[in-house]
Amino acid sequence: RMALRSGAHAICEKPLVLNPWNLDALEDIENEYGKSVNTILQLRLHPSIIALKEKIDKGPKDKIYDVDLTYLTSRGNWYYTSWKGDVTKSGGIASNIGIHFYDMLSWVFGDVKSNKVHLHQHDRASGVLEFDNARVRWFLSINYDVLPEAIKAKGQRTYRSITVDGDEIEFSDGFFDLHTASYQNIVEGKGYGLKDARQSIEIVHDIRVAEISPMKGEYHPLAKLPVTNHTFKSGRNTFSIIIYLIKKNSDIPKPLLGF
């Protein structure tokens, strides 16, 4: 808003906003000042995703593809002490680590028809999205324990998987230049704006406020894993512990803060 009112275009990383009506306000300011907001939707530039979209666009218009999306990216305890751990500031798991995937799914498979949420915890979320051309079982988590053992054995902390009708879409590589390409497109007048970001914003907002649906019929298999307690909300309140240590003139143990 400050950029537009100052007579400048704006570039905003994800998530652009937390709520759909925030986009309406930004559109009004764009129209008033004649400037635009560009956002970074970099998965639309990934070669594997471009190839997938081309395949879907050329396929039967009435086909419903079965899609499984799994994104596991472990975070330390720092996550919960930062703004990202505050749902009112970050929007929660779906906004933090899922927004680009929801945008990609929207771009490839069309408009959302239904949005069911089966699980929404501090460290994971899962549900089923139905688009014009896909039924998507999705699961997101920042919990290291959820990672496949084969990934842990390699010393890795992130796992991405998308299958379409049982076929794996390989997109583990090719991420590093996507931001550069996004900025180049913006400079050339080919960036993505508010309208492009709207459906993914609507998806994460609806996930955040949705009632939890029972796991019947279609659901992601990882959603059945045992849930875990919040690191700083089980047992004694962390803030109280920190204040106690400060009053006792003691050093705050680094493990407590997740370092």
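Since the structure is predicted, the reported quantities are computational estimates derived from the model, not experimental observations.
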Inset, instruction - Go through the steps for Trp107 and Gln199 under the test side chain to side chain contact (heavy atoms under 4.5 Å, CB included), then give the verdict. - result: CA-CA 9 Å; Trp107 187 57; Gln199 182 159 282; over 6 Å; no
Inset, instruction - Indicate whether any N or O donor in one side chain lies under 3.5 Å from an N or O acceptor in the other, for Ser161 and Glu168. - result: yes
Legend entry - Donor-acceptor pair between Ser74 and Asn143 side chains, under 3.5 angstrom: no
Inset, instruction - Please determine, by modelled atom types, if Asn31 and Asp28 share a side-chain donor-acceptor pair under 3.5 angstrom. - result: no
Inset, instruction - Measure the spacing between CG of Leu119 and CG of Leu225 and express it to the nearest 0.5 Å. - result: 9.5 Å
Inset, instruction - Would you check if the side chain of Asp86 reaches a backbone N or O of Trp83 as a donor-acceptor pair within less than 3.5 Å? - result: no
Legend entry - Transitive ILVMFWY side-chain link Leu41 to Tyr71, under 4.5 Å: yes
Inset, instruction - Kindly indicate, with the supporting measurements, whether the criterion side chain to side chain contact (heavy atoms under 4.5 Å, CB included) is fulfilled by Ile203 and Asn115. - result: CA-CA 7 Å; Ile203 289 173; Asn115 185 348; 4.0 Å; yes
Inset, instruction - Identify whether NZ of Lys or CZ of Arg in Lys113 sits under 6.0 Å from the centre of the six-membered ring of Phe131 and within 45° of that ring's axis. - result: no
Inset, instruction - Would you indicate whether the side-chain heavy atoms of Val37 and Glu30 approach each other to under 4.5 Å? - result: yes
Legend entry - N/O donor-acceptor pair under 3.5 Å between Asp103 side chain and Leu43 backbone: no
Legend entry - Exercise: do Arg208 and Asn19 side chains pair donor with acceptor under 3.5 Å: yes
Legend entry - Distance-only side-chain donor-acceptor flag, Arg75 / Thr73, under 3.5 Å: yes
Legend entry - Contact check, side chains of Val112 and Glu130, non-hydrogen atoms, under 4.5 Å: no
Legend entry - Approximate separation, where rounding is to 0.5 Å, of Glu218 CD and Arg137 CZ: 4.5 Å
Inset, instruction - Could you grab the distance from atom CD1 of Ile151 to atom CD of Gln156, nearest 0.5 Å is fine? - result: 5.0 Å
Legend entry - Side chain proximity check, Leu69 to Leu129, heavy atoms < 4.5 angstrom: no
Legend entry - Shortest non-hydrogen contact from Ile201 toward Val204: O-CG2, 3.3 Å
Legend entry - Asp111 backbone acceptor or donor facing Asp132 side chain under 3.5 Å: yes
Inset, instruction - Kindly give the heavy-atom pair with the smallest separation between Leu16 and Ala197, and that separation in Å. - result: CD2-CB, 4.1 Å
Inset, instruction - Identify whether Ile207 and Ile99 are in the same connected component of the hydrophobic contact network (ILVMFWY, side-chain heavy atoms under 4.5 Å). - result: yes
Inset, instruction - State, with a plain yes or no, whether a side-chain heavy atom of Val67 is found less than 4.5 Å away from one of Phe109. - result: yes
Inset, instruction - Output, in order, the C-alpha distance, side-chain angles, deciding distance and verdict of side chain to side chain contact (heavy atoms under 4.5 Å, CB included) for Ile186 and Ile40. - result: CA-CA 9 Å; Ile186 291 171; Ile40 307 300; 3.9 Å; yes
Inset, instruction - Please report the closest heavy-atom contact between Ser90 and Ser95, naming both atoms and the distance. - result: O-CB, 3.2 Å
Inset, instruction - Answer with yes or no whether the side chains of Asn96 and Tyr79 bring together a donor and an acceptor at under 3.5 Å. - result: yes
Inset, instruction - Group every Ile, Leu, Val, Met, Phe, Trp and Tyr by side-chain heavy-atom contacts under 4.5 Å, then state whether Val17 and Ile29 land in the same group. - result: yes
Legend entry - Cluster overlap Phe101 with Leu147, hydrophobic side-chain contacts below 4.5 Å: no
Inset, instruction - Go through the steps for Arg124 and Leu140 under the test side chain to side chain contact (heavy atoms under 4.5 Å, CB included), then give the verdict. - result: CA-CA 5 Å; Arg124 68 194 70 185; Leu140 311 171; over 6 Å; no
Inset, instruction - Please check if Ile11 and Leu194 belong to a single hydrophobic cluster, counting links between Ile, Leu, Val, Met, Phe, Trp and Tyr side chain heavy atoms closer than 4.5 Å. - result: no
Inset, instruction - Please confirm whether Lys63 makes a cation-pi placement over Tyr65, using NZ or CZ under 6.0 Å from the six-membered ring centre and within 45° of the ring normal. - result: yes
Inset, instruction - Any chance you could measure Asp68, atom CG, to Thr163, atom OG1, to the nearest 0.5 Å? - result: 4.0 Å
Legend entry - Side chain Ser141, main chain Asp123, donor-acceptor under 3.5 Å: yes
Inset, instruction - Classify the ring geometry between His122 and Tyr80 as parallel (under 30°), tilted (30 to 60°) or perpendicular (over 60°). - result: tilted
Inset, instruction - Answer whether the closest heavy-atom distance between the side chains of Val164 and Ile169 falls below 4.5 Å. - result: yes
Inset, instruction - Using a 4.5 Å cut-off on heavy atoms from C-beta on, say whether the side chain of Tyr192 contacts that of Asn38. - result: no
Inset, instruction - Using a 4.5 Å cut-off on heavy atoms from C-beta on, say whether the side chain of Thr39 contacts that of Glu13. - result: no
Legend entry - More than 12 heavy atoms of other groups within 6.0 Å of Lys195 NZ: no
Inset, instruction - Indicate the atoms forming the closest heavy-atom contact of Pro60 with Asn133, along with that distance. - result: O-ND2, 4.3 Å
Legend entry - Spacing of Ser126 atom OG and Lys224 atom NZ [to the nearest 0.5 Å]: 11.0 Å
Legend entry - His118 to Pro214 - nearest heavy-atom pair and separation: CD2-O, 3.5 Å
Legend entry - Distance (rounded to the nearest 0.5 Å) between Lys116 NZ and Glu211 CD: 12.5 Å
Inset, instruction - Check for a donor-acceptor pair, side chain of Lys89 on one end and backbone N or O of Lys84 on the other, with a separation under 3.5 Å. - result: no
Legend entry - Pair listing, ring pair (Phe, Tyr, Trp, His ring centres under 6.0 Å) test, anchored in residues 132-151, at least two apart: Tyr102-Trp138, Phe139-His220
Legend entry - For the student: nearest non-hydrogen atoms of Ile50 and Arg44, plus distance: CG1-O, 3.3 Å
Legend entry - Backbone N/O of Leu4 and side chain of Glu32: donor-acceptor pair under 3.5 Å: no
Legend entry - Pairs touching residues 2-44 that satisfy ring pair (Phe, Tyr, Trp, His ring centres under 6.0 Å), sequence neighbours left out: Trp21-His205
Legend entry - Sub-4.5 Å side-chain heavy-atom contact between Glu27 and Arg198: yes
